[in-house]
Each structure stands twice: as structure tokens, then as C-alpha cells.
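Here the structure comes first, spelled out in C-alpha cells, and everything after it is commentary.
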Amino acid sequence: MVERSVDEALLLLRKRLCDLHFIFSVFSDSPDSNYSKLKFIVSSSVTEACNNSLLLLGPRGCGKIAVLDLVLEDLLKEYPDMISVIKLNGLLHCDDNCALKEIARQLCIEHELMFSKVASYDDNSQFMIAMLRECGLAHKTVVFVLDEFDLFAQGKQRLLYSLLDAMQSVSSQAVVIGVSCRLDADQLLEKRVRSRFSHRKLLFLPPQKDDLQRLLKHILLLPTDSNLSRDYVTDFNSRISNIIADKRFIEITDKLTDSDCTVSNFMRFLFSAVSCIDSKSGYMTLENFKSALSTIQRQPKLDCLKDCSILELYIMVCMKRLEVKEQESYNFNSVMKEYKTIHDSFKTSDYYSHNVCLRAFEHLLDRQLVEFADRGHNQCIEYRSVKLLISHSELHQGLKSNRSCPVSYLKTCMI
Amino acid sequence: MSKEETPNVTRRATRLSSTNTPNAKERTAKSNNLPPLTLRDLVFGDQQEPLTLDGLISSLPGRRNQILEILRFLGPVNSPVSPLFVYGGASTGKTSTILQVFRHLNRPFVYSSSRTCYNARQLFDNMLNQLLLHRRTESNDYSSAKKCEKPADFVNLLKEALATVVDGLKGSKKLEGCVNGSMVYLIFDSLELIRGWDKSGVILSLLFKLHDVLKVSDVGLIFISGSSFDTYHSDTGFVDPVPVYFPDYTEDGLRQIFMRNQSNPKLRSAFLDVVLKPFCRVTRRLDELSIALSPLYKKYCEPLDDLDVIPNEEIKRKLYTCLQPHIGPALNAIFKVTSQPSVEAGIKNNLQRKNSLKKLGNDSIDDIDFHMSTSAKYLLISAFLASRNPATLDASFFDSTGGPTNQKKKRKASEKSRDLKEAAEQEHFMKGPGSFPLERLLAIFQCIASSDEYSLENDEDSLETTGLDSEFGENNLMSDILLQVSSLCNANFITKGGSCPLEGSTRYRSTVSEDLALKVARSLKFPLSKYLYRR
């Protein structure tokens, strides 16, 4: 019985972590939260039959689209048949033709009309204006959601202008909501577009520490009224509460949020921790969280350095020496010259032929530890100037952590 | 207009199309034998027995931790999963591990690699074909199921296709034994190649956001990449997926892999004791090591009459002393995979050359191992000389008789001129070979080739240039030369640079190393060193 409870509990936790609605619903109860403000704005424009436009701004992973979806879902329940939603994405529809086609397609699906794929740009735009007029006359609000709004603001902004212009006509009822991760998205608008845009902005910020605590409890505590066994649930919840109050756990979460405190990063951390749950014991431990932190916070360049072979490390040490000698630009041939001088002065046993060194150099390029400093492709790679992409201290640390690296290279590195 | 102006344009029948008709019926009959695809084909192959966890771990040595990590992230059947980002160096087993994990789990997945789908449209079409269970056959002219040019169409079509597949998986009863679960996993392989595509920023942003854009809960996304996540740059950033890191194999891991499927494990292990450490200093990539070590192993086993013997210490020492002189040169050779027929000839050649001393760092094999016509060789040498020598010295090097003038006796160099020489050499090091216009190349070529005209006339074999004219004249040679230049360009011996805006002609650059030029000159018995400008 316990086994099945564990599996079901795991499934429940994973479902919660991948469901944005559930995550952000915890923030929606207080009256000055973004959820309430957004709901008020949209519902007031629906009930008062007026046009509106606003921007949702905030860094990635703070829940702008999630909160917007929650609001729209609730409003669709409250005012059925009075709202229709059109969703556009700047990544997909930044081209005006494409965007209008998509608007027309979604309008057709909404109102059960036949959509023609070969309609031209003018046809689509006339259709959209006609639909807006009809919806306005029928007291139906059309909500346009423009995700990645800053991508729509590139180029001539024809779509934005035509949308906002259509809203100016008397009989239309539309709300335009732009969502962007650039905090200066409204500065990108042209003058004529900006004049038609109301400068309403909602700022979405990453949550504070006590909000994160609330979120943690909301997600990890299992519900007592589900069909899982009661003992298991109470046991599980008590252990979670103990862990959350533990000082070491607070250190772990501080480490995580110091680098990135957005909700999506926190969710990745929890997902990683939840997947570490041992299916035999069925409870979360502090070890789960510790291993999750090390999985999420990786140092890719140091990992690469640990994997390099000795010849590749040697080449990087030669490049570092050239940089220390203040040679602004150097290429593979100068690195080889330095390689030869080191070999002559230190009499190391690792002296390999030109081709082998060239191959090791190409491995370094693949791993993105070195990079070409120029843009042109006219020369063969031995003559193109290169530069190191890691700092000297990182290289030093990497040499120390590499298992097979002999100590003498540290000496040659330190000049 | 009159009737003459409306010609009946008949299509020209090409030779290929005219030979098609008699065999067409046979071919369609053959191609119809392939059965249509079903949902069962979304799983890994058709396996007779399922792969257990132990079988999975033992088939991929050194990857136990990564396998367990991936299985943990994927979770039980039908559990939602965050997008995964699997990354690691080349040939660390990322693709094979993921595919074998799916074979073990027996869950449906769709795989596409950015190596075979070389642009966005191919990638989209490939994914959609697999999801829509569409096979490209002759009957539908090898076309894809849906035309998908833009990312917007791709997302819409993908949503529909996923909905159909997931409904099919949930509803069908007869798939219960064969297919686990109703979630579909999309695997995108070789993601780092997308960085070099056209509009790569849009495509990468789209792929990393696909999970949010699709809003379908029964989909898992797995990205496999050769480089870590921080090398994917974007102006506005992505939401990070969950990373899974595949480190390079440790020496123990490499040893385990090389010990697999061996008929005589003790002999192999003795060989690896000797050889693995020095080779790991140069490279730790599995593909390069396996190609470098296989001929060495053959050489190691040569002195043994009986390959099943278990070696004791004495035998091991003897074998090591036999192998030792070969390890050094093998470390310095980048791997060459010879084709099958010439393997025996190659071994014989190597045996003959065993006694000749090879200098470290200079694999000077006397003959070049590809064939070139004589005029192509002369062109190569002319290109090399044109790149290395400054143009102003051409007149002194190549006078009308075709030979170099006597070098003036050099005075003892003063310190200032020595410094200038060093600076000039440094500059030459940095800049690389110079560029030259086509006329200069042809001029040098004519000069060199005409000087050896007498020797060329005697050599009849390589000069069957045109077959029509038996008379050998320079006019016959010239028309061939321009074709030779373009074929040398295609073979990357000469690169074509940008054109100078004043002169308007394209400039060329020779990319041949001095070793190769010397080899080619030696094969023609051409005194290259006399023509090279030494600073």
C-alpha cells in the first residue's frame, strides 16, 4: 500500500511543479497583488464596454503569462460569451502577414467560420476590422495577448499600429495586453503607436523570501483529503515542515536565490529535488535538496577543464603565457612557437607533432574554451587570431582540479 | 498574333527520364511492400525481449550515474517532466544513452537530429512526418505530410499532431503491452549545430520556449547538445531547462569500454596497461582513441603465434619491447582510416619502413599519398611560391631563362636589420600566406613549366591532355590550366579571397603547408628551395 502511495504522491508533486496555474495561484489572494490589479483592469473594461491597453513587464520566469492566464480563465467563467481571446507570440508572428493570418484564423475558430489560407494581407486586415466592429456591436470584448511584445516592436510596427488604430473607432471593444521581459518595452514604440497606447504598466518582480516560503509549503505539502493513506501524508508533511525550518535548508535556498530568485528557477530546483525522492523510503530528505542544488548550479567551464587532456591544457597554458606577455593578438602558429620554447626550457616529455596539436586545438574550439577573435573566414585556422574564453584564475583552478595534470604545469603557468 | 507565335513547346526528354519508363512498374511494386506506420512504431524498434535496468547499465559502461539521473528525471509512466538539457563533449555517449533509456522504458518518442536536418524547414518536416506517421515513398513523390515553412505553422501543426497521437495512445487497447504510457517525448539532437543556421536566434528561442508555447501537458522535451547551455547566447535570454551533464569517460571507463567483446581479455588488458596512459595525455575522446589503438593492437599481437595464450610477466615484457618503437610515431600521427583493400599493403609498407628513423614531429613520407597530374603539381608549386614570395621579387627569381639568378653574396647583418627581420618574420607568422591575382599565378606557372618543357616532353604518360591533338603545344596546356585552377580551389589547396575593389579581379591564396609543397616538388624533381624567398 505504501508503494502505491509513494508513486501517487510523486506523480502529484510532479504535476504540481509543471503546472503554472497551480504555482501562481498562491499569490492571487491578496488585494494588491498583480493578479487582482490585472483582473480589475480587464473586468472593468469588459463591464464598462471601453477599450484599454496595458503592458506586463518583468524578468523571465516571474509568472506574467501564468497570472494572465489565471485572470482570463476566471473572467471567462464569470462572463461567459462576452470575451474572446486572441493570442499572438512575437517569436512566431513578428511578420505582419503572419500575425494577421493568425488573428484571422483564431477569430474564425472562435466564431466557427471557415478560414481561408490563401487570403491576402488586405483581406485579413479588413476581416479583423469588420469582426471588431461586429463584436463591439454585440458587446463582446476581444482581448489581444501579445507575448514577447518587444519583438513586435521591431521593424515598422504595422501590426501594432493597425490594432491600436482599430480600437479608436467608436464601436470596437478591445483590450490589448502586451507581455515582455524588457523593462523598456514601451520606449521601443514609435511615436504614432505610443500616442495610441495608454501607459499602463504592471511590474512583475521575483518573489521575496517569505513569499517563497509560502510557495514552498503550498507545493510540497500533500493534501490531506486526497486518496493517499493518511499516515503517509501526515508523516510526509511533518518531515517537510522540519526540513523547511532547518537552518541548513535555509542556507541552501539562500544560495539558490542569491544567484537567481525567479520562480522558474526555484521550480527547477524543486523538480530536481522531487525527482531524487527515494521510492523505497518515500520521504524527502535534506540530501535531496543538496543534490538538487549541485545539479542546478553547475560551472560548465570548470567541468570542461576537468575533462581536457594534458595536451589541450598545455596549449591553453601557452596561450595564457602569450597573453601575460601582452601580445594583443596571437594565432595558432605563435602558440606553437611558445610551445616549443617551453619544451626547450623545461624539457617536458609531452612534445607532439604539429598535426596532433592542431587537432587538440580544434577540440578546444569545439568546447568553446578558445574562440577566434576575428570574423573572417578567409584564412585557414592556423593563421586566424584567437583568444582565451576563460580567465587566468579559472584556468588555474581547472589545472588544480584536473585529475591527471602533473604539478609541473602549475609551475610553468605561474610566470 | 499569328499562329506562328504560339508554338507548341514540347518538353525535352532527358536521358534519365526516358530510361525510367520500362522499370517504373517494378519499382512501385517493390516500394509498396513497406507497411504503413502505426503508433507502435513510435517506440524504439521492435524488440523481442525488453531491456532490463541491469542490461541497460551494463551495455553503457561508465554511464551509470547519468542513466540513473535521466531515469529519475523522466519519472514514472505518464508523469509530467520539465524540459531536459543533456550536454557533454563529443562521443561521450549522449545520444546512445538516451535512445537506450527509451528502449528500456518502452515509451513513445520522436527523434530528430540537427545534423541530418540541416535547416529549420527540414527539422519541422521531419518531426511532423514522424508524428503524423507519414512515410515518404515513391507513391507520394517523397514529399512530407504537411508543408511547413514558418515557425507559426509548425507550432499549430505540432499541436494538432500531438493531440491526435496522444488520443490514439490513450484510446487504443491493443498497444497496452507494447507501448508504455500516453506521453510523447520529443528529442532534439545536436543542438549546437543550430547556432550556425540562418535565423538561429529565432529557432533556438522557439525550441527552448516550446514547452510553454505548446501548453500540451502530455509532451516531454529533451535537448541533446555538444556544448553547455551558456554558449547559447540570446539578447533577452531563455528560461533554463534542467541540465544533465555527461562528463568525458575516465580512464577506468575507457578501459571498461575497450575490454568489451574481446576474445582474449588478459592479453587486451596487458595491452591497455601499456598504451592507455600515454594516449590519454593527448586526447581523451573515445572515437579518436579507438581508431588510434586498433592498428597498435594488431601490431602488439603480431609476434604471438597463438592468440589465446594468457600472457605472464615475461611474455608481457617481450611484447612491450616489440611494441615500444611504434608507440611514439603512433602518438604523433592523427588517425588515418585506410580503406579495406589497402590495409594489407599498408602493413607491408610500414614493416619496410620500420628501420627508417622518423624524426619526431616530422612525418616525412617521401611520396604523397594522392595522385595529381603533372600540370596540377606545377600549379600547386606556383601557387605556393606566389603566396610566399613578395611580388616585387618575381622578376629576379624568374628571369626569361626560367632559372634563378645567382644570389648576391650577403654582407654580415647589422643588429638593426636583424631586428627588422625578426619583426618581419613575426608579421609573416601572424598574417599567413599572401594573396595573388590569377595572372601572377599563370605567369609563374608558365615560367616554371616551360623551363622543364624538355623533361615534360619525354614523360608521355601524364600528358594525354586532349586526345584529339597529338601535337604538344602550349595552347593545349593553357585551356586545361584554368580548369585545373578551379579544381585545386575545390580541393582547398587554393582559396579564393575577396576581390580588390580597384583592380576588380579575385585574389587567390595558397593554403598548402611547406611540407606538402616540398613533397610535391620532390616528386617532380623541382628545386623548390632555390625559388623560395628567405628573409
Side-chain angles (χ1 to χ4, degrees), chain A residues 7 10-11 14-15 17-19 60-61 65 89 91-93 95 98 102 150 181-182 264-265 267-268 271-272 275-276 295-296 298 300-301 303-304 306-312 329-331 333-334 337 350-356 359-360 363 366-368 378-380 382-383 385 403-404, chain B residues 69 72-73 75-76 78-82 87 89-90 150-152 155-156 202 205-206 209 212-213 217 226-231 236-245 247-248 250-251 280-285 288 331-334 360-363 429-433 495 497-498 509 511:
Chain A
D7 283 342
L10 267 180
L11 205 61
R14 287 168 74 110
K15 272 210 182 102
L17 284 168
C18 295
D19 180 11
R60 279 197 195 277
I65 292 279
N89 192 319
L91 279 175
L92 307 172
H93 309 124
D95 179 29
C98 212
E102 183 66 21
D150 44 307
C181 63
R182 281 183 69 162
S264 64
N265 193 34
M267 289 305 117
R268 273 193 322 148
F271 180 79
S272 192
S275 64
C276 286
T295 315
I296 297 288
R298 298 213 72 103
K301 294 278 195 251
D303 290 334
C304 264
K306 265 192 229 162
D307 282 341
C308 279
S309 70
I310 296 190
L311 180 59
E312 291 162 11
S329 68
Y330 49 90
N331 59 15
N333 282 340
S334 16
K337 213 166 93 170
D350 292 296
Y351 189 65
Y352 300 104
S353 69
H354 186 87
N355 283 336
V356 176
R359 182 179 67 174
H363 288 342
D366 286 336
R367 288 189 205 263
Q368 296 257 314
N378 288 332
Q379 302 260 32
C380 34
E382 290 135 322
Y383 292 104
S385 54
R403 263 167 281 136
S404 45
Chain B
E69 207 177 333
R72 273 206 319 257
F73 281 134
N78 285 341
S79 62
V81 65
S82 242
Y87 70 101
K150 303 220 169 112
V155 169
N156 290 335
V202 174
S205 306
L206 173 64
K209 264 209 122 183
D212 295 327
V213 169
S217 61
S227 52
S228 55
F229 194 69
D230 55 336
T231 56
T236 49
F238 313 116
V239 175
D240 296 352
V242 176
V244 178
Y245 178 55
D248 273 5
T250 59
E251 273 193 41
C280 278
R281 290 175 83 93
V282 178
T283 173
R284 285 171 58 189
R285 269 174 63 161
E288 294 174 359
L331 276 174
N332 275 321
I334 51 173
L360 208 65
N362 185 14
D363 41 339
F429 235 22
M430 285 300 298
K431 267 209 301 192
T495 50
R509 211 186 279 264
T511 57

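Below, chains carry the letters A, B, ... as their sequence lines are ordered, and counting in each starts from 1.
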Measure distances from [X] to the heavy atoms of chain B and classify the residue's part below 4.5 Å as side chain, backbone, both or neither.
X	answer
A:Arg367	side chain
A:Leu17	neither
A:Asp150	side chain
A:Cys308	backbone
A:Thr295	both
A:Asn89	side chain

Contacting moiety of [X], where chain A heavy atoms sit under 4.5 Å:
X	answer
B:Asn78	backbone
B:Glu69	side chain
B:Asp230	side chain
B:Val239	both
B:Val81	both

For the side chain of [X] and the backbone of [Y], is there at least one donor-acceptor N/O pair under 3.5 Å apart?
X	Y	result
B:Arg509	B:Pro433	yes
A:Lys306	B:Asp248	no
A:Ser309	B:Arg284	no
A:Asn265	A:Arg268	no

| message | Under the rule for ring pair (Phe, Tyr, Trp, His ring centres under 6.0 Å), what residues qualify as partners of B:Phe229, not counting sequence neighbours? | response | B:Phe85, B:Phe208

| request: State which residues pass side-chain hydrogen bond (donor to acceptor under 3.5 Å, both in side chains) with B:Ser205; sequence neighbours excluded, sorted by chain then number. | output: none

Report the option among [options] that has the most heavy-atom pairs separated by less than 4.5 Å from atoms of chain B.
options	value
A:Asp303, A:Ile65, A:Asp307, A:Leu91	A:Asp307
A:Cys181, A:Ala360, A:Cys276, A:Cys98	A:Cys276
A:Met267, A:Glu102, A:Arg298, A:His93	A:Arg298

| query | Is there side-chain contact between B:Arg281 and A:Tyr352, with at least one heavy-atom pair below 4.5 Å? | reply | yes

| said: Measuring only between side-chain heavy atoms, which start at C-beta, is B:Leu331 closer than 4.5 Å to A:Val356? | reply: no

Select, from [options], the one with the greatest count of heavy-atom pairs under 4.5 Å involving chain A.
options	answer
B:Gly75, B:Gly89, B:Gly226	B:Gly75
B:Leu206, B:Thr250, B:Val202, B:Asp240	B:Asp240
B:Pro151, B:Ser228, B:Ser79	B:Ser79

| request: Dump the intermediate steps for side-chain hydrogen bond (donor to acceptor under 3.5 Å, both in side chains) on B:Glu288 and B:Thr283, then the final yes or no. | output: CA-CA 8 Å; B:Glu288 294 174 359; B:Thr283 173; 3.0 Å; yes

| field | Pairing of A:Arg60 and B:Asp212 as salt bridge, 4.0 angstrom limit | value | no

| field | Distance in Å, A:Arg14 CZ paired with A:Phe271 CZ, rounded so as to fall on 0.5 Å steps | value | 4.0 Å

